[in-house]
Amino acid sequence: MNGEEEFFDAVTGLDSDNSSGEFSEANQRVTGVVHVDTSKSNGIGKVGERPPQGNGVRKRRTSLPAPMFTRSDFSVWSILKKCIGLELSRITMPIVFNEPLSFLQRITEYMEHVDLVHRASRQPQPLERMQSVAAFAVSAVASQWERTGKPFNPLLGETYELIREDLGFRFISEQVSHHPPISAFYSEGLRQDFLFHGSIYPKLKFWGKSVEAEPRGTITLELLKHKEAYTWTNPTCCVHNVIIGKLWIEQYGTVEILNHRTGDKCILHFKPCGLFGKELHKVEGHIQDKK
């Protein structure tokens, strides 16, 4: 691999001027938490064993085993000032700016409101199905609410699989390209009512005070009972105040959902924040048939 093909990920050390000691102390605190016996608090006995629920599904955790680092102790500017002129993908960011999840795990959060897909499959009219599909497309970005942490970059060929019998789906994602980073996913309903698949290639842009992630790749939802396929692309995501101030996030842009069988469309407008923040997190849209 030559120098032009190198890809930099998060590092465990910090190059900031005053953070090495704080990072060591934080490591010690987390190490202490990880080694605490949690079998009494979460019902886990031996390592890897979880008691099954009444429906046979093993109990899943509701919180991570270790607390997340606070970012208030670190100076982003002390890191970025050494990287002026470099591409954003080549800037080595400290590990404290990552949330303890892989991007492949983060994609599975698209399925948090999979009940909307099941509802769409049961609707008899195409415009009613489009309503539920549009709500599902919006719900996919709802998990980003105040999520300013960056997930870890998966390794090339890494996979993540999730089966939720209680929600009626199975899901698998894979890192199919390392540079540029591209993740692909595939999901199907356990009742054979839908297929959900696509690829995500976020193109990052650094604007000084903010980082903008422009999504690339098409998302497809197939309702097998009605032989319909819907496609769309997620809106642009932007994290503000990455250098100084409180981090906050917004989505904006136009999302067009197309039903390829009927020709129906849903046009969703994710509104930008605006000068006074009145339009933050507002979505407007309309559905139109082929005519």
Side-chain angles (χ1 to χ4, degrees), residues 10 12 25-73 94-119 132 135-155 158-175 183 185-191 194 196 200 213 219 234 237 239 246-251 281:
T12 54
E25 294 175 4
N27 262 333
Q28 295 172 4
R29 289 196 297 269
V30 172
T31 302
V33 174
V34 171
H35 285 64
V36 171
D37 182 9
T38 58
S39 59
K40 296 181 180 179
S41 60
N42 57 13
I44 300 174
K46 296 181 180 179
V47 177
E49 291 185 358
R50 296 177 183 272
Q53 296 175 340
N55 59 359
V57 179
R58 292 191 176 277
K59 187 176 181 181
R60 294 176 171 84
R61 68 185 184 186
T62 57
S63 60
L64 294 172
M68 196 168 180
F69 288 107
T70 174
R71 299 186 182 94
S72 60
D73 298 334
I95 200 171
V96 293
F97 290 98
N98 289 70
E99 63 178 16
L101 290 175
S102 162
F103 187 70
L104 299 180
Q105 291 175 286
R106 182 79 175 261
I107 298 176
T108 62
E109 296 178 9
Y110 279 12
M111 310 301 293
E112 184 174 359
H113 299 283
V114 69
D115 58 295
L116 294 169
V117 179
H118 297 311
R119 181 191 303 177
S132 297
F136 176 70
V138 174
S139 73
V141 300
S143 63
Q144 298 180 16
W145 184 279
E146 296 186 350
R147 294 279 291 279
T148 56
K150 172 186 173 296
F152 284 96
N153 294 321
L155 300 175
E158 180 180 339
T159 61
Y160 179 77
E161 184 178 8
L162 175 66
I163 300 177
R164 292 294 300 267
E165 299 91 342
D166 53 337
L167 299 179
F169 74 89
R170 63 170 59 93
F171 187 101
I172 187 168
S173 53
E174 179 181 355
Q175 191 73 2
S183 305
F185 65 91
Y186 177 87
S187 178
E188 61 183 10
L190 298 181
R191 296 191 290 268
F194 75 89
F196 182 55
I200 299 178
I219 297 175
N234 283 330
C237 176
V239 179
K246 182 179 179 181
L247 292 172
W248 61 281
I249 191 171
E250 69 169 329
Q251 289 93 19
H281 303 316

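Because the structure is a prediction, the values reported are computed rather than measured.
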Exercise. Identify the heavy atoms of R164 and L190 that sit nearest to each other, and give their distance.
Key: O-CD1, 3.9 Å
Quiz item: Between F103 and I200, is any pair of side-chain heavy atoms under 4.5 Å apart?
Solution: yes
Quiz prompt | Minimum heavy-atom distance between G168 and F194, given as atom pair plus value | solution = O-CE2, 4.2 Å
Quiz item: Between L104 and E158, is any pair of side-chain heavy atoms under 4.5 Å apart?
Solution: yes
Exercise. Could you tell me whether F196 and F136 have their ring centroids closer than 6.0 angstrom?
Key: yes
Exercise. Drop me the distance from I107's CD1 to S187's OG, to the nearest 0.5 angstrom.
Key: 12.0 Å
Quiz item: H118 side chain to L167 main-chain N or O, any donor-acceptor pair under 3.5 Å?
Solution: yes
Exercise. List for me each residue that meets salt bridge (Lys or Arg N to Asp or Glu O under 4.0 Å) alongside R170, sequence neighbours excluded, and say none if there are none.
Key: E188
Quiz item: Going from CG on N153 to CD on Q175, what distance comes out if it is rounded to the nearest 0.5 angstrom?
Solution: 7.0 Å
Quiz item: With a 4.5 Å heavy-atom cut-off, do S183 and S173 have their side chains touching?
Solution: no
Practice problem: Work out which heavy atom in L116 is nearest to a heavy atom in S132; give both atom names and the distance. | Solution: O-CB, 3.6 Å
Quiz prompt | Partners meeting salt bridge (Lys or Arg N to Asp or Glu O under 4.0 Å) with E112 (sequence neighbours left out) | solution = none
Self-check item: Shortest non-hydrogen contact between P154 and S102, atoms and distance
Solution: CG-OG, 3.7 Å
Self-check item: Min side-chain heavy-atom separation T108-F185 under 4.5 Å
Solution: no
Self-check item: Partners passing salt bridge (Lys or Arg N to Asp or Glu O under 4.0 Å) against R119 (at least two apart in sequence or in another chain)
Solution: none
Self-check item: Flag side-chain contact, heavy atom, 4.5 Å: I219 against Y110
Solution: yes
Quiz item: Could you give the distance from CZ (F171) to CE (M111), rounded to the nearest 0.5 Å?
Solution: 7.0 Å
